[in-house]
Amino acid sequence: MSFEQLKSKVTDGSIDTVLVCFVDMQGRLMGKRFHGVNFVETSFEETHCCNYLLATDLEMATPDGYASTSWQSGYGDYVMKPDLTTIRPVPWLEGSAMVLCDILDHHNYQPIAHSPRAILKKQISLFEALGFEAKMATELEFFLFEKSFDDIRKDGFRHLEPISGYNEDYHIMQTTKEECVMRPIRNHLFAAGLPIENTKGEAEAGQEELNIRYSPALDCADYHSFAKHAIKEISWQHGRAATFLPKWDKDRAGSSSHVHQSLWKDGKPAFFDKSAKYGMSKLMGHYMAGLIKYAPDYTYFLAPYINSYKRFAKGTFAPTKTVWSVDNRTAGFRLCGEGTKGVRVECRISGSDINPYLAQAVMLAAGLKGIKDKLVLSPATTGDIYEDTKAADIPQTLRAATETLRNSSFLREALSDAVVDHYIRAAEWEQEEFDRVVTDWEIARGFERA
Ligand code: ADP
């Protein structure tokens with residue numbers, strides 16, 4: 001929706017509320033609800049938010065140790081600058097539209113370097129400088145539950161019952177039973193302007209997948225954030241809960257967010273060379289070699305929480321090896337669309353809890369490094385890669401991923417020391433919070449028998 005269209009809808013009264021949002025480190029939409037008239041008259045220029053919002057956690061804590069903000073510095077403001085190209089209706093809420101903002105310094109109006117949207121924009125611009133456009137698609141997997149978030153929370157997150165009783169991978173019969181939630185999700189997102197491809201049942205009871213057509217990287221991350229938010233809200237409106245926690249039950253499959261990637265030049269697929277093996281251009285080989293070489297460095301951005309690492313189990317389609325393969329789902333990276341103009345690489349390491357801006361940005365940085373250093377891609381691997389002892393592993397815990405990130409000269413160069421140190425602090429804090437907790441597992445194991 002253009003700004004002019006929004007203005008006329010505010011004038012005719014069909015829109016009265018504008019959600020002015022930005023995406024935080026955790027990938028959530030944060031912001032304020034403006035009266036439509038105020039937004040189109042003044043607030044479209046800018047509004048403000050407290051700068052702790054880019055230095056907090058899922059609980060909205062105020063951890064120490066961030067250089068960007070603190071109690072000592074008084075937790076000042078950021079400017080939220082609406083990006084008017086992102087205005088869209090919010091069809092599942094009455095009379096509402098939404099706009100996404102960039103986060104700027106309150107004094108000099110420069111982008112805040114550690115804000116996720118700024119991090120992605122920087123990597124996109126480096127490709128643009130070389131004449132390339134990055135196009136991406138992120139798949140959204142999640143579980144739907146019988147009860148609402150509120151009922152589940154009041155029940156202490158126990159007795160979790162997924163919406164279906166059996167593995168519903170590609171099932172039409174079971175997914176028909178879920179159409180009361182999934183159809184509005186598809187249709188509201190489509191009406192909001194997102195190029196929705198499909199939803200399908202996934203390989204576990206209650207597990208769903210939403211696919212959005214690939215698009216320029218920034219749009220893809222904007223779509224992902226908007227869609228994830230919509231899925232939770234629309235489920236809530238129907239008395240259900242949708243979770244993007246990668247692993248909610250140790251005995252069930254986890255949820256991923258695979259990232260499909262390709263580069264384009266002058267509107268043509270730059271990863272495609274019809275005379276080459278798999279139709280894969282030299283450029284694509286270098287890009288993939290960079291992705292694979294630096295996967296351990298950027299794993300934190302594909303798996304940012306303690307729980308993210310519980311998903312990486314053998315025989316579950318969640319890969320842990322930094323190798324590639326042709327149409328094999330056990331490798332960290334899979335070549336898709338081989339021999340066609342749709343040739344692309346899919347990263348399968350990323351979990352459903354990714355921040356799409358950060359995940360895409362670090363992979364673009366790795367791909368760019370591969371191109372600049374002309375890295376050579378090793379041959380494709382075959383067979384069950386879980387059993388391949390020669391293939392390199394990604395870090396297996398948040399603690400290990402944090403240390404790999406800390407020591408990554410590649411990411412320090414690509415993102416800057418300040419940005420890397422900011423996210424290291426986020427990772428450390430997550431670990432510190434977990435380390436303080438006595439878990440149910442410890443009690444059950446040791447209460448009587450220790
Ligand atoms: P699958 O069977 O693995 O789900 P799909 O053909 O449905 O594969 O495609 C998965 C995702 O890949 C879709 O979101 C699609 O839009 C995206 N995709 C297709 N072509 C490209 C491309 N050239 N670059 C990036 N993503 C692409």
Side-chain angles (χ1 to χ4, degrees), residues 120 123-124 127 132-142 168-172 175 182 185-186 189-190 193-204 207-228 230-231 253 255-274 276 278-281 283-285 287-288 290-291 316-319 324-352 354 356-357 359-361 363-364 366-368 371:
L120 178 56
Q123 296 305 318
I124 290 170
F127 276 98
F132 292 114
E133 182 178 33
K135 290 195 184 182
M136 303 264 194
T138 49
E139 300 173 7
L140 288 100
E141 286 181 6
F142 56 99
E168 58 182 284
D169 203 18
Y170 294 94
H171 267 240
I172 295 301
T175 51
M182 299 305 292
I185 288 174
R186 289 192 306 275
L189 287 173
F190 190 82
L194 272 62
I196 298 302
E197 288 186 339
N198 57 53
T199 58
K200 67 179 275 291
E202 263 295 318
E204 192 43 274
Q207 196 176 26
E208 319 286 339
E209 177 177 298
L210 170 77
N211 286 300
I212 305 174
R213 189 174 157 74
Y214 68 100
S215 38
L218 188 64
D219 289 343
C220 171
D222 289 349
Y223 293 162
H224 180 113
S225 311
F226 187 81
K228 181 176 172 185
I231 289 166
S255 296
S256 334
S257 181
H258 301 151
V259 183
H260 292 255
Q261 309 168 42
S262 59
L263 292 179
W264 296 67
K265 196 165 207 163
D266 305 325
K268 296 203 184 78
F271 276 1
F272 181 55
D273 175 354
K274 72 171 181 301
Y278 308 124
M280 188 199 285
S281 68
L283 180 88
M284 181 172 187
Y287 182 97
M288 280 178 70
L291 273 188
T316 59
F317 289 124
W324 72 283
S325 195
V326 183
D327 210 13
N328 177 329
R329 290 185 156 79
T330 65
F333 300 90
R334 182 167 72 119
L335 183 79
C336 298
E338 72 268 23
T340 72
K341 286 185 179 156
V343 66
R344 60 191 183 273
V345 56
E346 174 197 40
C347 170
R348 299 179 58 82
I349 300 169
S350 33
S352 51
I354 52 165
Y357 299 88
Q360 290 186 44
M363 287 197 270
L364 283 172
L368 185 60
I371 292 170

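For clarity, every value in this text was computed on a predicted model and none was experimentally measured. Counting starts at 1 for both ligands and their atoms, in listed order.
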Side chain to side chain contact (heavy atoms under 4.5 Å, CB included), that's the test. Do L283 and F272 meet it? Break it down for me. CA-CA 9 Å; L283 180 88; F272 181 55; over 6 Å; no

Show, in sequence, the C-alpha distance, side-chain angles and deciding distance for M182 and T175, and conclude whether the side chain to side chain contact (heavy atoms under 4.5 Å, CB included) test is met. CA-CA 8 Å; M182 299 305 292; T175 51; over 6 Å; no

The test is side chain to side chain contact (heavy atoms under 4.5 Å, CB included); show your working for Q261 and Y287 and say whether it passes. CA-CA 10 Å; Q261 309 168 42; Y287 182 97; 2.7 Å; yes

Tabulate below the donor-acceptor pairs under 3.5 Å that side-chain atoms of residues 211-222 make, not counting sequence neighbours, or state none.
| unit_1 | atom_1 | unit_2 | atom_2 | d |
| --- | --- | --- | --- | --- |
| N211 | ND2 | N198 | OD1 | 3.0 |
| N211 | ND2 | E209 | OE2 | 2.7 |
| D222 | OD1 | R117 | NE | 3.2 |
| D222 | OD1 | Y357 | OH | 2.4 |
| D222 | OD2 | R117 | NH2 | 2.8 |

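If you check which protein heavy atom lies closest to atom 26 (N) of ligand 1, you get Y214 CB, 3.2 Å. In this structure, the protein non-hydrogen atom closest to atom 2 (O) of ligand 1 is R329 NH2, 4.6 Å. Shortest contact from atom 17 (C) of ligand 1 to any protein heavy atom: A137 CB, 3.7 Å. If you check which protein heavy atom lies closest to atom 23 (N) of ligand 1, you get S262 OG, 3.4 Å. When hydrogens are left out, the protein atom nearest atom 4 (O) of ligand 1 is E139 OE2, 4.0 Å; that is the closest non-hydrogen contact.
Side-chain polar atoms of H258 and E141 form no donor-acceptor pair below 3.5 angstrom.
For the residues R344, H260, E346, the heavy atom positioned nearest atom 6 (O) of ligand 1 is part of R344. Of the listed residues (E209, E197, R348), the one carrying the non-hydrogen atom nearest atom 13 (C) of ligand 1 is E197.
Listed by chain and number, the residues in a side-chain contact (heavy atoms from CB on, under 4.5 Å) with S352 are F244, P246, S255 (sequence neighbours excluded).
The shortest non-hydrogen separation linking S350 to V259 is OG-CG2, 3.6 Å.
Atoms of ligand 1 lying under 4.0 Å from any heavy atom of R213, numbered from 1 in the order shown and given with element: 16 (O). Which parts of ligand 1 touch R334 is read off a 4.0 Å heavy-atom cut-off, strictly below it: atoms 3 (O). Contact atoms of ligand 1 toward I212: 14 (O), 16 (O) (distance under 4.0 Å to a heavy atom of the residue).
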